[in-house]
Amino acid sequence: MEEKISEISRLKELAVSEIQSATNAKELDEVRVKYLGKKGELTSILRSMGSLAPEERPVIGGKVNEARDELEVLIKSGEEKFAKQELERKLKEETIDITLPSTKVKRGSKHPLNRIIEEVEDLFVSMGYDVVAGPELETDEYCFERLNLPKGHPARDMQDSFYITSEYLLRTQTSAVQARAMMANEEKSPIRIICPGKTYRRDDDATHSHQFSQVEGLVIDKNISLADLKGTLEVFVRKMLGENLQLRFRPSYFPFTEPSYEVDVSCFKCGGKGCNLCKLTGWIEVLGSGMVHPNVLKMNGYDPDEYTGFAFGTGLDRLAMFKYGITDIRLLYQNDVRFLSQFDRLDR
Ligand code: DAH
């Protein structure tokens, strides 16, 4: 019995010194397994209890448990010490040096066309208009037929088109949205909308791009007259291009308006005296417009005896070119940063 007891305290002393000399968590665990594991040296004393006299068992058992408890406390505090060391090592190793200069993020600038679109939208929203959108892949029906341009109509020749099938094409004009707005309005109540968006034609030179942008306007209500159209367009053109400009309404032809006008503005470069921009005429054409044709009202569910309306459409690219002095429309669609970044200045 004495022998057993001194064996236990010898094992404990050994274990304590091994725990103290462990230099990392792995070594510490090896010591735990060696003494306290299933086949550990202290555990095996407990296992051999059967060979002891019955009165010896509680004494020896007690001693072993005591030694085990003591060792467990030491091991636990050793584990904590190593875990803390490990955490400190990681924190040190993974520190981010926030003093390092960052790589410069280059901020883009707002596209000149988007600047124009936002300006136009703000203006018309302030006058009570809704901003609507329509599909760029449009049907022949909405792009032409419902605008009083049946199949085979000669005025279709004014718009070289990209047909996808005989019924679908890339819209040549945002005017398609006029028909969409009228058809979508089930109560056939008054309408006041603008629709800025992309349009497509088979054109490509310094003043024409196969993809370009227009804004369409449509107002339908009772007693809408040409005076309303003129007043609205004066506000629009003067706000966008210059407060003191004169407008000239020149009779023209569009299949969906009657009467129709092309609107010219006095040349904002030479003030009307004549220069290269206005081709010595003193005037620059900026808009197509007119009173909505009764056929168009009828075809899209409005009674022309009850309602009248006006419509207008203009190229946003032209507006941007005038406003920012851009000489080639294609620059607007080439995404060249050297061109686009020049508009940063307008934000400063
Ligand atoms: N859609 C015409 C075009 O692209 C422009 C236009 C003219 C629109 C007269 C209108 C309008 O709404 O009334 O050439």
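Both Leu71 and Ile45 are part of a single hydrophobic cluster, where members link through side-chain heavy atoms under 4.5 Å apart. Hydrophobic cluster membership is shared by Leu331 and Leu277, with clusters built from Ile, Leu, Val, Met, Phe, Trp and Tyr side chains linked at under 4.5 angstrom. Residue Leu42 is grouped with residue Val16 when hydrophobic side chains (ILVMFWY) are merged at heavy-atom distances under 4.5 angstrom, including chains of intermediate members. Connection of Ile194 to Leu241 is established within a shared hydrophobic cluster, with ILVMFWY side chains joined at heavy-atom distances below 4.5 Å, either directly or through further cluster members. In terms of hydrophobic clustering, with Ile, Leu, Val, Met, Phe, Trp and Tyr side chains grouped at heavy-atom distances under 4.5 Å, Leu170 and Tyr142 are assigned to different clusters.
At least one donor-acceptor pair under 3.5 Å links the side chain of Ser161 to the backbone N or O of Gln159. Of the possible donor and acceptor atoms, one in the side chain of Arg201 sits under 3.5 Å from a partner among the backbone N and O of Thr172. Put simply, the side chain of Glu258 never gets that close to the backbone of His293: no donor and acceptor are under 3.5 Å apart. Formation of a donor-acceptor pair under 3.5 Å by the Gln173 side chain with backbone atoms of Cys143 is found in this model.
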- Intermediate values then yes/no, side-chain contact (heavy atoms from CB on, under 4.5 Å), Arg180 and Glu138: CA-CA 10 Å; Arg180 288 202 170 268; Glu138 189 49 282; 2.7 Å; yes
- Query: Given Val265 and Phe322, is the side-chain contact (heavy atoms from CB on, under 4.5 Å) satisfied, shown in steps?
  - Reply: CA-CA 12 Å; Val265 57; Phe322 291 147; 5.9 Å; no
- Test log, rule salt bridge (Lys or Arg N to Asp or Glu O under 4.0 Å), inputs Lys90 and Glu93: CA-CA 5 Å; Lys90 272 197 183 160; Glu93 203 168 84; over 6 Å; no
- Item | Residue pair Lys269, Asn276: steps toward the side-chain contact (heavy atoms from CB on, under 4.5 Å) verdict | CA-CA 9 Å; Lys269 191 170 167 197; Asn276 60 346; 2.9 Å; yes
- Stepwise side-chain contact (heavy atoms from CB on, under 4.5 Å) test for Val31 and Ile75: CA-CA 9 Å; Val31 179; Ile75 289 171; 5.6 Å; no
- Query: Can you list the steps and then say if Glu234 with Lys230 is a salt bridge (Lys or Arg N to Asp or Glu O under 4.0 Å)?
  - Reply: CA-CA 6 Å; Glu234 264 173 23; Lys230 288 183 92 168; over 6 Å; no
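Considering CG of Leu169 and CG of Leu137, their distance stands at 7.5 Å, rounded to 0.5 Å. Rounding to the nearest 0.5 Å places CD1 of Ile284 at 7.5 Å from SG of Cys270. To the nearest 0.5 Å, the span separating CE on Met127 from NZ on Lys239 amounts to 9.5 Å. In this structure, CZ on Phe212 lies 8.0 Å from CD1 on Ile329, to the nearest 0.5 angstrom. Leu229 contributes atom CG, which lies 5.0 Å from atom CZ of Phe249 (distance to the nearest 0.5 angstrom). Atom-to-atom distance recorded for Ile326:CD1 and Phe343:CZ is 4.0 Å, nearest 0.5 angstrom.
Counting only residues at least two apart or in different chains, ring-ring contact (aromatic ring centres under 6.0 Å, His included) contacts with residues 102-136 comprise Phe124-Tyr129, Phe124-Phe236, Phe124-Phe312. For residues 44-65, the side-chain hydrogen bond (donor to acceptor under 3.5 Å, both in side chains) pairs, not counting sequence neighbours, are Asn65-Arg68. Sorted by first and then second residue, the side-chain hydrogen bond (donor to acceptor under 3.5 Å, both in side chains) pairs involving residues 315-331 (not counting sequence neighbours) are Glu119-Lys323, Asp317-Tyr333, Asp328-Arg330.
Partners of Glu187 under the salt bridge (charged side-chain N to carboxylate O under 4.0 Å, His left out) rule, at least two apart in sequence or in another chain, do not exist in this structure. By the side-chain contact (heavy atoms from CB on, under 4.5 Å) test, Glu186 is found to be paired with no residue, residues two or more places apart in sequence or in another chain being considered.
Heavy-atom contacts from other residues, nucleotides or ligands closer than 6.0 Å to CZ of Arg89 number more than 12. Summarising the local packing, CG of Asn244 is surrounded by 12 or fewer heavy atoms from other residues, nucleotides or ligands at distances under 6.0 Å. Other residues, nucleotides and ligands contribute more than 12 heavy atoms inside 6.0 Å of the CG atom of Asp303. By the neighbour-count criterion of 12 heavy atoms within 6.0 Å, atom CD of Glu3 is sparsely surrounded, having that number or fewer from other residues, nucleotides or ligands.
Scanning all heavy atoms of the two residues, the minimum distance from Gly78 to Leu28 falls at C-CD2, 3.5 Å. Closest heavy-atom contact between Cys195 and Val177: SG-CG2, 3.5 Å. Nearest heavy-atom pair across Thr308 and Leu297 is CA-CD1, 4.3 Å. Summarising the geometry of Pro190 relative to Asp221, their closest heavy-atom pair is CG-OD1, 3.4 Å, with the distance given to 0.1 Å. Between Leu46 and Gly61 the shortest heavy-atom distance is CD2-CA, 4.2 Å. Here the shortest heavy-atom pairing between Ile8 and Ala67 reads CG2-CB, 4.2 Å.
Judged purely by distance below 3.5 Å, without hydrogens or angles, the side chains of Thr174 and Gln214 pair a donor atom with an acceptor atom. For the residue pair Thr232 and Asp228, no side-chain donor N or O sits within less than 3.5 Å of a side-chain acceptor on the partner.
Tyr307 does not carry Lys188 over the face of its six-membered ring by the limits of under 6.0 Å from the centre and within 45° of the normal.
Two residues are said to be in side-chain contact when any heavy atoms from C-beta on lie closer than 4.5 Å; Leu340 and Asn335 meet this criterion. When side chains are defined from C-beta on, Thr314 does not count as touching Val237, because their heavy atoms never get closer than 4.5 Å.
Ring pair Tyr200/Phe162: centre-to-centre distance not below 6.0 Å.
Salt bridge status for Arg238 with Glu243: absent, with no side-chain N to carboxylate O gap under 4.0 Å. Salt bridge annotation for Glu80-Lys76: present, with a cationic side-chain nitrogen under 4.0 angstrom from a carboxylate oxygen. Here Lys26 does not pair with Asp29 in a salt bridge; the nearest charged N to carboxylate O distance is not below 4.0 Å. A salt bridge links Glu167 and Lys151; the closest N-O separation between the charged side-chain nitrogens and carboxylate oxygens is under 4.0 Å. A salt bridge does not link Glu13 to Arg10: none of the charged side-chain nitrogens sits closer than 4.0 Å to a carboxylate oxygen.
Between Tyr163 and Phe144, the ring planes are tilted. Angles from 30° to 60° get that label.
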Name every donor-acceptor pair, under 3.5 Å, that has one atom in a side chain of residues 250-257 and the other anywhere in the protein, sequence neighbours excluded.
| from | atom 1 | to | atom 2 | distance (Å) |
| --- | --- | --- | --- | --- |
| Arg250 | NE | Asp264 | OD2 | 2.8 |
| Arg250 | NH2 | Asp264 | OD1 | 2.8 |
| Arg250 | NH2 | Asp264 | OD2 | 3.3 |
| Ser252 | OG | Glu262 | OE1 | 2.8 |
| Thr257 | OG1 | Ser260 | OG | 2.7 |

